[in-house]
Amino acid sequence: MLNLEGRVAVVFGVANKRSIAWAIVQKLHEAGAKLAIGYQNERLKAEAEGLIADLPGAEAFQCDVSNDAEIAQVFEGLKERHGKLHVLVHSVAFAPAEELKNDFLQTSREGFRVAHDVSVYSLIALSRAAAPLMTDGGSIMTLTYYGAEKVVPHYNVMGVAKAALEATVRYLASDLGKLNIRVNAISAGPIKTLAARGIGGLGDMLKSHADRAPLHRNVEQAEVGGTALFLASDLSSGVTGETVYVDCGYNIMGF
């Protein structure tokens, strides 16, 4: 078992027990990391606090990642309580629902802006706030999806946002490498999460994935959590700027 005792990790994007971020939180907790968990707004406060009730020492805080003032407040609080930060997990993505229903051609200017602000720019903003606390080096990771590379029906503007996110990972890795901070993305296969249910044809996507993937099944949240634990640990000390696939091999198949 990997040991992250003495490490501080902050995780953004925990929505409920089925979210990928929650699976990552569980793995980091099992490894001994001190955890701070961000939830988006007051509506999700009770859910977040309920989730961490079984995680001794974990704390929950509100942070709208599209609000620079809230980001600054959160990281100032982390600095006061912990002094240092070692791991940042960005599991945040959003596009207005109507942008995932119509043809991509009909993407609105505002829908495009919102998708990129929340899903992509937030990684830059959070990394900029986290870097000064990573005085011992650190690991930053985000969650992406194969729709960044290939057209996935109904994924639309989120596919374009994920492509921008993966490019952002590479540029951040280049900037932060001199501080011994690694930046990577995990490309998870489709999973039945609250966010995924907003994408039309999810059932067909899951079936197709299981049929074509070399392992002939869909990936599970805990498997993504395990990869995140690897990226958070010293075992991945030479890995940065990468997109790591956790999709049962689906991405390697031509047809």
Side-chain angles (χ1 to χ4, degrees), residues 1-42 44-65 67 70-92 122-143 172 176 179-186 221-237 239-240 244:
M1 180 66 181
L2 294 177
N3 188 345
L4 296 184
E5 290 185 11
R7 309 279 180 98
V8 179
V10 58
V11 181
F12 292 86
V14 175
N16 54 45
K17 287 188 175 181
R18 301 190 70 177
S19 65
I20 292 174
W22 177 242
I24 293 173
V25 164
Q26 289 179 299
K27 291 294 185 180
L28 296 177
H29 173 70
E30 290 169 6
K34 294 181 181 179
L35 285 158
I37 298 169
Y39 57 88
Q40 181 186 6
N41 51 38
E42 188 69 25
L44 297 174
K45 180 178 181 179
E47 179 94 38
E49 292 182 342
L51 286 173
I52 70 167
D54 295 329
L55 304 179
E59 56 187 327
F61 55 86
Q62 181 174 318
C63 184
D64 179 348
V65 297
N67 185 316
E70 287 193 19
I71 292 174
Q73 183 177 24
V74 163
F75 281 90
E76 184 59 36
L78 290 173
K79 180 179 180 180
E80 290 176 0
R81 286 190 292 278
H82 304 291
K84 295 181 179 182
L85 181 66
H86 303 87
V87 180
L88 165 64
V89 179
H90 172 273
S91 183
V92 180
S122 60
L123 177 62
I124 302 172
L126 293 174
S127 297
R128 186 167 56 240
L133 302 185
M134 292 183 164
T135 53
D136 294 334
S139 174
I140 296 172
M141 67 191 84
T142 187
L143 275 297
L172 287 175
L176 296 174
L179 301 177
N180 194 30
I181 298 172
R182 296 171 284 112
V183 188
N184 293 286
I186 300 173
Q221 284 96 325
E223 293 174 309
V224 182
T227 300
L229 176 57
F230 161 72
L231 290 175
S233 77
D234 292 339
L235 290 181
S236 62
S237 59
V239 181
T240 194
V244 182

Find out whether [X] and [Y] are in side-chain contact, i.e. whether some heavy atom of one side chain is under 4.5 Å from a heavy atom of the other.
| X | Y | result |
| --- | --- | --- |
| Asn67 | Ile71 | no |
| Leu126 | Phe75 | yes |
| Val87 | Val10 | no |
| Thr142 | Ile186 | no |
| Phe12 | His90 | no |

**Study point:** Residues forming a ring-ring contact (aromatic ring centres under 6.0 Å, His included) with Phe230, sequence neighbours excluded
**Key:** none
Quick one: does any side-chain atom of [X] pair with a main-chain N or O of [Y] as donor and acceptor, under 3.5 Å?
| X | Y | result |
| --- | --- | --- |
| Asp234 | Ser237 | no |
| Gln221 | Arg18 | yes |
| His86 | Val8 | yes |

Practice item. Could you tell me which residues satisfy side-chain hydrogen bond (donor to acceptor under 3.5 Å, both in side chains) with Asp136, sequence neighbours excluded, listed by chain and number? Key: Lys84
Can you list everything that forms a side chain to side chain contact (heavy atoms under 4.5 Å, CB included) with [X]? Sequence neighbours excluded, please.
| X | result |
| --- | --- |
| Arg182 | Ser139, Asn184, Ser236, Thr240 |
| Asn180 | none |
| Gln40 | Leu44 |

Check your understanding: Which pairs, with at least one residue in residues 25-36 and sequence neighbours excluded, count as a side-chain hydrogen bond (donor to acceptor under 3.5 Å, both in side chains)?
Key -> none
Review point. Is the number of heavy atoms from other residues, nucleotides or ligands under 6.0 Å of Gln73 CD greater than 12?
Key: no
